[in-house]
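Please read the structure below before turning to the comments.
Numbers here are sequence positions counted from 1.
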Amino acid sequence: MIELRIINDVQDSHFEGIVGPLSTFTEGKGFSYAPETITIGAFAGEKQVGGLQGEILWHWFYIKLLSLSEETRGHGTGRRIVEKAEAIARERGCVGVWLDTYTFQSPEFYRALGYQSFGELPDHPRGHSRIFFRKIFSEG
């Protein structure tokens, strides 16, 4: 019988214990599971004021996190970070970029950058929605 345990002190070996079977399965389907982590930091002098973390997998760039300190918002830094991520995605031959955000965060920011919604998870958190966006790069 397989025992299920909550792992509170997660080690690399625990992660590998999950990724290993996934990698084996996807490789059997012709897809290597090898995400490339991309991190872009935003700095005011030596102080980091935010940034972006994402990953490239199977020709798509996923923006996992984008955050800026309150005092740096509204000055174009977020736009510059996303544009930098898009440039990296294009350089690496990605089809496009996808991400998720919440109705109480920044859906209008992404719409203004040309992202289109392709899904919504209602009541996450209650009274709000999680919205999924994508931007597909045109050929040429």
Report the residues that fulfil side-chain contact (heavy atoms from CB on, under 4.5 Å) with [X], sequence neighbours left out, ordered by chain and then residue number.
| X | answer |
| --- | --- |
| K84 | I40, I88 |
| R134 | W60, W98, F118, I136 |
| S13 | Q11 |

Could you tell me which residues satisfy salt bridge (Lys or Arg N to Asp or Glu O under 4.0 Å) with [X], sequence neighbours excluded, listed by chain and number?
| X | result |
| --- | --- |
| E83 | R79 |
| R5 | E3 |
| E46 | none |

In Å, rounded to the nearest 0.5 Å, how long is the span from [atom1] of [X] to [atom2] of [Y]?
| X | Y | atom1 | atom2 | value |
| --- | --- | --- | --- | --- |
| Q105 | D100 | CD | CG | 9.0 Å |
| K47 | T72 | NZ | OG1 | 9.0 Å |
| L65 | L99 | CG | CG | 11.0 Å |
| F132 | T101 | CZ | OG1 | 10.5 Å |
| T103 | E108 | OG1 | CD | 11.0 Å |
| T39 | E55 | OG1 | CD | 10.5 Å |

For F15, the rest of its hydrophobic cluster, which grows through side-chain links under 4.5 angstrom: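 Once heavy-atom contacts under 4.5 Å are chained together, F15 belongs with V19, L22, F31, Y33, L57, W58.
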
ILVMFWY cluster membership beyond I18 - transitive side-chain contacts under 4.5 angstrom: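 When side chains under 4.5 Å apart are linked, I18 ends up in no cluster with other residues.
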
[X]: partners by ring-ring contact (aromatic ring centres under 6.0 Å, His included), with sequence neighbours left out:
| X | value |
| --- | --- |
| H128 | F104 |
| H124 | Y102 |
| F61 | none |

Of all the heavy-atom pairs spanning [X] and [Y], show the shortest one and how long it is.
| X | Y | answer |
| --- | --- | --- |
| L68 | G78 | CD1-N, 3.4 Å |
| I56 | C94 | CG2-SG, 3.7 Å |
| S32 | T26 | C-OG1, 4.4 Å |
| P122 | S129 | CA-OG, 3.5 Å |
| I131 | R111 | CD1-NH2, 4.4 Å |
| F137 | E86 | CZ-O, 3.8 Å |

[atom1]/[X]: more than 12 non-hydrogen atoms of other groups inside 6.0 Å:
| X | atom1 | value |
| --- | --- | --- |
| Q116 | CD | no |
| H59 | NE2 | no |
| D12 | CG | no |

K135 (side chain) donor-acceptor with L113 (main chain) under 3.5 angstrom: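 Answer holds: yes.
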
Sub-4.5 Å side-chain heavy-atom contact between F109 and V82: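 Of all side-chain heavy-atom pairs linking V82 with F109, at least one is under 4.5 Å.
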
Pairwise side-chain contact, I63 with F133, heavy-atom cut-off 4.5 Å (strictly under):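 They are not in contact (no side-chain heavy atoms under 4.5 Å apart), so the answer is no.
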
Residues in side-chain hydrogen bond (donor to acceptor under 3.5 Å, both in side chains) contact with R80, at least two apart in sequence or another chain: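 R80 satisfies side-chain hydrogen bond (donor to acceptor under 3.5 Å, both in side chains) with no other residue.
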
